Structures are given as C-alpha cells and as structure tokens.
Amino acid sequence: MKIITDPRRWKETMYEVRESGASIGFVPTMGALHQGHLSLIRMAKEQSGAVAVSIFVNPTQFNDPKDLRAYPSTLETDQEALRSLGVEYLFLPSYEALYPDGYTYSIEEHEISRRFCGASRPGHFTGVLTVVMKLLLLTGADRAYFGEKDWQQYRLIEGMCEAFFLDTKIIPAPLIREASGLALSSRNMLLSEEDRALAPSFHAILSSGKPVEQIISDLEQAGFIVDYVQQWEDRLLGAVMLSHVRLIDNVRIRT
Ligand code: AMP
C-alpha cells in the first residue's frame, strides 16, 4: 500500500493510475475504521481497478473543539485493515497541507445543510463539503463511496457533485449495524459501559413505526437527549446525545 501525505504527490499519483487505464474507487474516511468503513472499501474493490482511501480528521467540520479532541484515532490498526483488504493507495494529509488557504475558501450549501444535523452543528456541512471537494478534485476518482448512515451528508455531497459538474460518480453504501441494531460508528468506542448498553435502543425506538412525537418521548424516557427526529422524504432521521457522545441514525419509512 502506497502511503502519500503530500496533496500534489497524491494528485500526480492518481493521474498516473488513471493514465495506466485503471478506474479509481475512492473512500474518504476520518479513520478509527470499523466494519461500516470496510464495507465501503469492499464495494470499491469490487467495482474499481484501484482503491484509494483517505484518512483525515477534518477540523473544519467540528463545530465543537471538545468533540474534535475526543475523536478516536487508531492509525496503526487502520493501516493493517486497509492492507489486508488490498487497498493500493492511502492518503494521509496534514491540515496545513490540505488547507493552504487556512480555510478562507469554502463550499457552502444554503438549504439542506441548515436542517437536521446542520441546525445544531453550524458550519458542520460547510466543513464537510469543502474537504470532500478538495479530496474529490485531488483524487479524480471514477467513483466515490459514502455511507447511508450519514444520509444528509451523502445527499449533500451528491448535490454538490451535480451543482459543480464533477465527474466522480457518488455511490451510496448501505448502513452497517451491529447485531443489536446499533449503527456502527467510530464514536461508539467513546461511550461509557452504561451508555453502550443503552445505545441500541436508539435504533429500536427510531424504527418502531410510532408517530414522531411518540418516538421523541420514548427516546427521552429511555435516557437519550434528543437533538432531533424528523422525517425527510421517505426517511426518518434522528440524532441523540448520550453523555457527550453524539449518535445519528436513519431508517426508511413507508410513506
Ligand atoms: P467517517 O469516518 O465517520 O467520516 O465515515 C467515512 C465514511 O464511512 C462515510 O461515508 C460514512 O457514511 C461511512 N460510514 C460510517 N459508518 C458507517 C456505517 N455504519 N455503515 C455504512 N457506512 C458507514
């Protein structure tokens, strides 16, 4: 696996891969990899000639500095997992390298990004869209994979690619859950033992089919601090806090 930290070097390398005739499947991540991430990488492997992964904990998408500081990092085991899946290219840029402008330029969406997670995390999606735009331009992938766990993020990225005529095809990947129903997330490892035991009922309650008001009240009863539960098209999206850990999930509903 070739590990590259310099953005220009990454761009040249990706150009060479495309020139050699291989298609590129790209999976951007923030590391602390779990089976959810690995499922995206497996999809990329099946559909593309070469797989490129990035690990970058993007500070501009964290509206809360404490959340950024607490974000888990397991770089060594991440690299082992990527090697064992046969990933050919890993991009590990620094903040300074990826933001030579010091984040004076950004990509902003003015409607969907303000709703749901965006309402309680101001600036979050501007940070996400900006870093994803940089990564997509640097990689020039044929396909880039985004998990349906972050449904709002996936939709915003898809919309950005359409709005800016990017060539990369955005592929949604199914949400991977543990047997308990809890959506896999790097943040799950930050939960206390007690909160970890409670966490699976988030999905159980969200998918109960009850009216939204009842779901919110059931979540509160169970011990969650509810940020929002809202329907968007045929999905029910939700975000809750357990102590200082934010969990998000979404389920398809019959409309
Ligand atoms: P992150 O490292 O949290 O930024 O996630 C990187 C990518 O993995 C994003 O496209 C996420 O939507 C996706 N992802 C994270 N957790 C899951 C999951 N449980 N199932 C499917 N995709 C996921």
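Values in this document were obtained by computation on a predicted structure and should not be read as measured data. For ligands, and for the atoms within them, numbers begin at 1 and follow the listed sequence.
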Using a heavy-atom cut-off of under 4.0 Å, does the side chain or the backbone of [X] touch ligand 1, or both, or neither?
X	value
S39	neither
W151	neither
S186	neither

For the pair D78 (side chain) and L33 (backbone), establish whether a donor and an acceptor sit closer than 3.5 Å, ignoring hydrogens and angles.
->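 Yes: the side chain of D78 pairs with the backbone of L33.
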
Should one rank M43, Q35, H34, H37 by closest heavy-atom distance to atom 8 (O) of ligand 1, which comes out on top?
->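 Result: the heavy atom closest to atom 8 (O) of ligand 1 is in H37.
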
Taking only heavy atoms of [X] into account, list the atoms of ligand 1 that are under 4.0 Å away from them.
X	result
F146	10 (O)
L184	16 (N), 17 (C), 18 (C), 19 (N)
T29	2 (O), 6 (C)
L175	20 (N), 21 (C)
P28	6 (C), 7 (C)

Please state whether the rings of [X] and [Y] are parallel, tilted or perpendicular, taking 30° and 60° as the class boundaries.
X	Y	value
H37	H34	tilted
F116	W232	tilted
F62	Y71	perpendicular

If you have a sec, work out which protein heavy atom is nearest [atom] and how many Å separate them, to one decimal?
atom	result
atom 12 (O) of ligand 1	D150 OD2, 2.6 Å
atom 3 (O) of ligand 1	Y71 OH, 3.8 Å
atom 20 (N) of ligand 1	I176 N, 2.8 Å
atom 10 (O) of ligand 1	G147 N, 2.9 Å

Salt bridge [X]-[Y], side-chain N to carboxylate O under 4.0 Å:
X	Y	answer
R252	E233	no
D227	R246	yes
E12	R9	yes
E178	R196	yes

So is P174 close enough to ligand 1, meaning a heavy atom under 4.0 angstrom away?
->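 Checking ligand 1 against P174, which is what was asked, there is a heavy-atom contact under 4.0 Å.
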
Any F56 heavy atom less than 4.0 Å to ligand 1 =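 For ligand 1, residue contact (heavy atoms, under 4.0 Å) with F56 is absent.
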
Ligand 1 and [X], any nitrogen or oxygen pair closer than 3.5 angstrom?
X	value
L40	no
A183	no
M30	yes

T168 and R143: which non-hydrogen atoms are nearest, and at how many Å?
->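 Reported closest heavy-atom pair: CG2-C, 3.8 Å.
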
Distance only, no hydrogens: is a donor on one side chain within 3.5 Å (strictly under) of an acceptor on the other, for T60 and Y99?
->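 Yes - a donor-acceptor pair under 3.5 Å links their side chains.
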
Mark yes when over 12 heavy atoms from residues, nucleotides or ligands other than E111 sit less than 6.0 Å from its CD; otherwise mark no.
->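 Atom CD in E111 is not packed in, count stays at 12 or less.
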
